[in-house]
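Structure record follows, encoded as structure tokens.
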Amino acid sequence: MVYLEFSNVPHSTELDFDSLELCLREGLASSDGVDPREALGCSPDATDADVARALVRAVAEADIDAIGTMRLDPDAARHPSVRPPTEVTADPSFLGRLNTAGSGELSVEHIDDMATLLAVLRAGSRRQRRAALMRVRQLMGDRRRLPADATRKAIQTVAELRDVELGYELSITRAEMPGGHGREARQEHEQWKRLAQRIEAGIRAFWDGQSSVEPIHVLPGDQRALFLLRICELSDLVVNHITAIIEGTDGGVPLESRIGLLASLRHAADRRLVPALVSVLEAERGELVARAARVLGGIDDARVHPALAERFDRSFLLEERLALAGALGMHGDCRGLAEVRSSLEEDQPQLLLQALEAMESLGASEHTNLVARFIEHPDVVIATQAARTAGRIGDGRALDELTERYNASSVPALRAAIEDALSAIAARMELRGEEIATIDWSEVGNKPAPRKGSRDSMPAITLGWRDYAMGHLWLLLGRSTWAVARFESAAARRSGWAVPLIGIGMAFASQEQYALALPAFRRALEVDRPRIERNPILVRAMAKSFLHRAEQVEREGRDDVARGLVGEVLALDLRRAPGTVRFELKRKHDVLRREERGDVHSAA
């Protein structure tokens with residue numbers, strides 16, 4: 001027989017546990033006339049509800065004592081999301097105290113000065129940049145409140161901004177702008193609407209059993225990036241389908257496709273994705289968790305931070321922990337900073353890229369030198385990420401190293417990243433009230449000089465333009481073979497003339513003959529690379545040709561060739577290419593790099 005003792009019950013010392021449990025199961029009437037109120041410390045006139053609660057507490061305490069569960073220290077038992085994060089020095093500067101929303105004085109939504117907003121747009125965190133862009137859009141909507149110079153500067157900045165992380169916000173802001181950029185953004189939106197309607201119809205057929213093809217999986221990479229760019233505007237049906245793929249409950253999509261979808265959602269901010277992403281954190285492991293963490297890092301939702309913190313505290317895979325640390329840093333929690341810093345100090349080749357990405361949200365001025373030393377890394381991708389991270393940290397001490405590397409490098413992608421980093425540092429210095437570092441590229445030096453054509457004879461020039469014009473005429477008549485022959489003749493007549501080579505590449509690209517377009521684009525890049533990099537139409541066609549050709553050879557099983565194609569185009573200055581194409585190229589490069597290392601994508 002088991003008896004219970006209650007030190008807080010003044011009127012009794014022992015109670016038959018079996019009788020007490022019987023009262024709890026069958027009610028007080030089953031206790032053979034014995035009233036347990038006094039034994040439980042209740043007053044004689046206590047209600048049945050009060051007695052029932054006391055019974056539950058008594059039985060629960062007895063069960064806990066019986067199984068020997070230890071009582072935890074209250075501070076240690078706190079949920080990981082509310083434990084004090086790692087102590088870091090608070091940033092007292094303007095950006096360090098700037099909120100993205102709220103009634104406080106330092107809030108982006110209360111800033112009316114366009115120059116300040118544009119500086120935040122270059123130098124702030126992702127959330128600050130997103131809020132600043134939305135505030136710029138709001139002010140541009142009522143241009144009567146803005147001076148003409150401020151309006152012109154805002155339109156120019158938004159039109160030139162190439163921030164993949166703000167792809168959706170940029171698209172809706174540009175759609176409200178006048179001129180060619182606005183028309184292009186509105187046309188892209190109409191293209192997205194048609195694509196979304198087609199995909200939604202395919203999803204309905206998939207779940208109705210009328211089709212066995214999952215419609216998102218079969219999309220080309222750039223179309224998938226375009227489709228998911230506006231996920232906030234997709235219907236619940238489509239989002240539910242996407243979450244089913246993320247969770248693995250769709251019944252047919254392989255693990256690699258789930259990882260690819262999560263990678264494509266890297267910069268999505270739709271809160272409807274949170275439950276599925278949290279379920280991945282709770283139930284999966286490896287790259288799935290890392291991918292889900294990176295998506296959650298950019299979503300403003302109260303459910304995100306507790307889930308990230310809990311997973312970080314119980315994760316043991318370093319790849320997971322770096323991704324989780326970076327995501328937590330985006331939510332203001334720096335508990336993973338020491339681990340990220342250690343990975344950089346130990347210079348672990350397999351994790352350098354992930355650690356540098358995490359340092360974007362975790363880094364402070366004291367980490368500038370640690371990050372800047374990787375700008376000299378022989379791997380262009382790592383060096384470019386180091387420059388981007390240095391720009392996000394925004395410490396002026398990196399200016400000399402960045403400028404020196406800019407002068408010494410001939411890799412366009414790295415030079416473009418350094419330009420963006422120097423611009424971000426200058427904007428941060430402006431917001432801190434420090435002396436602005438004016439970037440005069442003519443003095444910084446070594447920017448690619450305009451091509452100086454060779455001295456061709458007048459007849460050669462005349463005949464070259466004649467052949468070039470004839471090539472376009474044949475294109476209009478649909479005789480592509482004749483057109484390419486005329487372009488080749490024009491290129492042969494004048495050495496160092498890229499125009500006909502570009503014509504060949506564009507002709508093949510328009511016919512989706514990417515294997516034939518690449519040699520022409522490569523020859524044009526050798527002759528006059530700046531002409532292509534500075535022209536949005538040309539750089540878009542060139543980048544998409546590399547991307548689609550890489551997808552083709554990857555489907556044929558030639559991953560090494562695909563890896564080389566993606567790495568080659570990423571070494572160019574692609575800032576004027578569409579954000580969706582640049583994003584898909586980087587995602588493809590990351591996937592192919594992991595396959596080269598032989599990583600096992602385990603979801604067990």
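We're numbering straight along the sequence, starting at 1. Fair warning: this is a prediction, and the values are worked out from it, not measured in the lab.
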**Item:** Any residue meeting side-chain hydrogen bond (donor to acceptor under 3.5 Å, both in side chains) with S545, in chain and number order, not counting sequence neighbours
**Value:** none

**Prompt:** Charged N to carboxylate O under 4.0 angstrom, E284 versus R291?
**Reply:** no

**Shortest non-hydrogen contact from F206 toward P215** = CB-CD, 4.4 Å

**Qualifying residues under salt bridge (Lys or Arg N to Asp or Glu O under 4.0 Å), relative to E188, sequence neighbours excluded** = none

**Request:** Apply the test side chain to side chain contact (heavy atoms under 4.5 Å, CB included) to residues R314 and E282: give CA-CA distance (whole Å), side-chain angles for both, the deciding distance (0.1 Å), then the verdict.
**Result:** CA-CA 10 Å; R314 64 184 177 88; E282 293 174 346; 4.2 Å; yes

**Beyond-backbone contact of M134 with V108, side-chain heavy atoms, under 4.5 angstrom** = no

**Complete:** Nearest heavy-atom approach of R271 to D300 is NE-O, 2.7 Å

**Request:** Could I get the full list of side-chain hydrogen bond (donor to acceptor under 3.5 Å, both in side chains) partners for Y514, not counting sequence neighbours?
**Result:** none

**Message:** On a heavy-atom basis, which atom in K586 and which in L570 lie closest, and how many Å separate them?
**Reply:** CG-CD2, 4.1 Å

**Message:** Minimum heavy-atom separation for A293 and L324, please, with both atom names.
**Reply:** CB-CD2, 3.6 Å

**Prompt:** Got a sec, which residues hit side-chain hydrogen bond (donor to acceptor under 3.5 Å, both in side chains) with S257, two or more places apart in sequence or on another chain?
**Reply:** H217

**Item:** ring-ring contact (aromatic ring centres under 6.0 Å, His included) contacts in which one or both residues fall within residues 322-351, not counting sequence neighbours
**Value:** none

**Asked** Taking atom CG of L547 and atom CZ of R582, what is their separation to the nearest 0.5 Å?
**Response** 13.0 Å

**Request:** Output all residues satisfying salt bridge (Lys or Arg N to Asp or Glu O under 4.0 Å) with R522, sequence neighbours left out; order by chain, then residue number.
**Result:** E568

**Item:** Partners meeting side chain to side chain contact (heavy atoms under 4.5 Å, CB included) with A424 (sequence neighbours left out)
**Value:** R392

**Item:** Sequence-distant partners of A515, side chain to side chain contact (heavy atoms under 4.5 Å, CB included), two or more places apart
**Value:** R549

**Item:** Approximate separation, where rounding is to 0.5 Å, of L133 CG and L170 CG
**Value:** 5.0 Å

**Check against salt bridge (Lys or Arg N to Asp or Glu O under 4.0 Å), R162 and D420** = CA-CA 9 Å; R162 298 292 183 265; D420 293 339; over 6 Å; no

**Request:** Evaluate whether atom CD of E184 has more than 12 neighbouring non-hydrogen atoms of other residues, nucleotides or ligands under 6.0 angstrom away.
**Result:** no

**Prompt:** How long is the span from the CG atom in L121 to the CZ atom in R135, to the nearest 0.5 Å?
**Reply:** 14.0 Å

**Request:** Please name all residues satisfying side chain to side chain contact (heavy atoms under 4.5 Å, CB included) with P220, sequence neighbours left out, ordered by chain then number.
**Result:** D222, Q223, H548, E551

**Asked** Can you tell me how far NE2 of H189 sits from CZ of R174, rounded to the nearest 0.5 angstrom?
**Response** 15.0 Å

**Request:** Start with the C-alpha distance between D379 and L353, add both sets of side-chain angles, then the distance that settles side chain to side chain contact (heavy atoms under 4.5 Å, CB included), and finish with yes or no.
**Result:** CA-CA 10 Å; D379 189 330; L353 191 60; over 6 Å; no

**Asked** Does the side chain of E346 pick up a donor-acceptor pair with the side chain of S342 at under 3.5 Å?
**Response** yes

**Item:** Beyond-backbone contact of L308 with D333, side-chain heavy atoms, under 4.5 angstrom
**Value:** no

**Asked** Does R335 use its side chain to pair, donor to acceptor, with the backbone of A325 at less than 3.5 Å?
**Response** no

**side chain to side chain contact (heavy atoms under 4.5 Å, CB included) partners for V218, two or more places apart** = V213

**Complete:** Exactly one candidate in R230, R130, E233 meets side-chain hydrogen bond (donor to acceptor under 3.5 Å, both in side chains) with Y168; the answer is E233

**Prompt:** Do V591 and I259 come close enough that some side-chain heavy atom pair is under 4.5 Å?
**Reply:** no

**Request:** Could you check L262 against R294 for side chain to side chain contact (heavy atoms under 4.5 Å, CB included), going step by step and ending with a plain yes or no?
**Result:** CA-CA 9 Å; L262 284 171; R294 293 188 180 100; over 6 Å; no

**Item:** Test: R405 and E401 ion pair at under 4.0 Å
**Value:** no

**Request:** May I ask you to decide if I246's main-chain N or O and R258's side chain share a donor-acceptor pair within less than 3.5 Å?
**Result:** yes

**Item:** Partner set under salt bridge (Lys or Arg N to Asp or Glu O under 4.0 Å) for R388, not counting sequence neighbours
**Value:** none

**Message:** Do V238 and S235 have side chains that approach each other closer than 4.5 Å (heavy atoms only, starting at C-beta)?
**Reply:** yes

**Request:** Supply the atom-to-atom distance I532 CD1 to L538 CG, rounded to the nearest 0.5 angstrom.
**Result:** 6.5 Å

**Request:** Verify side chain to side chain contact (heavy atoms under 4.5 Å, CB included) between S343 and V340, making sure each step is shown before the conclusion.
**Result:** CA-CA 5 Å; S343 296; V340 175; 5.7 Å; no

**Request:** Mark yes or no for whether S361, through its side chain, and A358, through its backbone, hold a donor-acceptor pair below 3.5 Å.
**Result:** yes

**Message:** Consider side-chain hydrogen bond (donor to acceptor under 3.5 Å, both in side chains). Of R129, R122, R575, H267, which one does D163 pass it with?
**Reply:** R129

**Complete:** Smallest heavy-atom separation, L356 atom then T389 atom, equals O-OG1, 2.9 Å

**Asked** Of the options T243, N240, D236, which is the one that meets R272 in a side-chain hydrogen bond (donor to acceptor under 3.5 Å, both in side chains)?
**Response** D236

**Prompt:** Should M330 and R126 count as side-chain neighbours, where that means a heavy-atom distance under 4.5 Å?
**Reply:** yes

**Asked** Do the side-chain N and O atoms of E584 and T580 include a donor-acceptor pair separated by under 3.5 angstrom?
**Response** no

**Fill in**
dist E169:CD -> L229:CG (nearest 0.5 Å) comes out at 8.5 Å

**Message:** Which residues pass the side-chain hydrogen bond (donor to acceptor under 3.5 Å, both in side chains) test with T368, not counting sequence neighbours?
**Reply:** D395

**Message:** Please find the pair of heavy atoms, one from I375 and one from L414, that lie closest to each other, and give the distance.
**Reply:** O-CD2, 4.4 Å

**Prompt:** Are D573 and R529 within salt-bridge range, i.e. N to O under 4.0 Å?
**Reply:** no

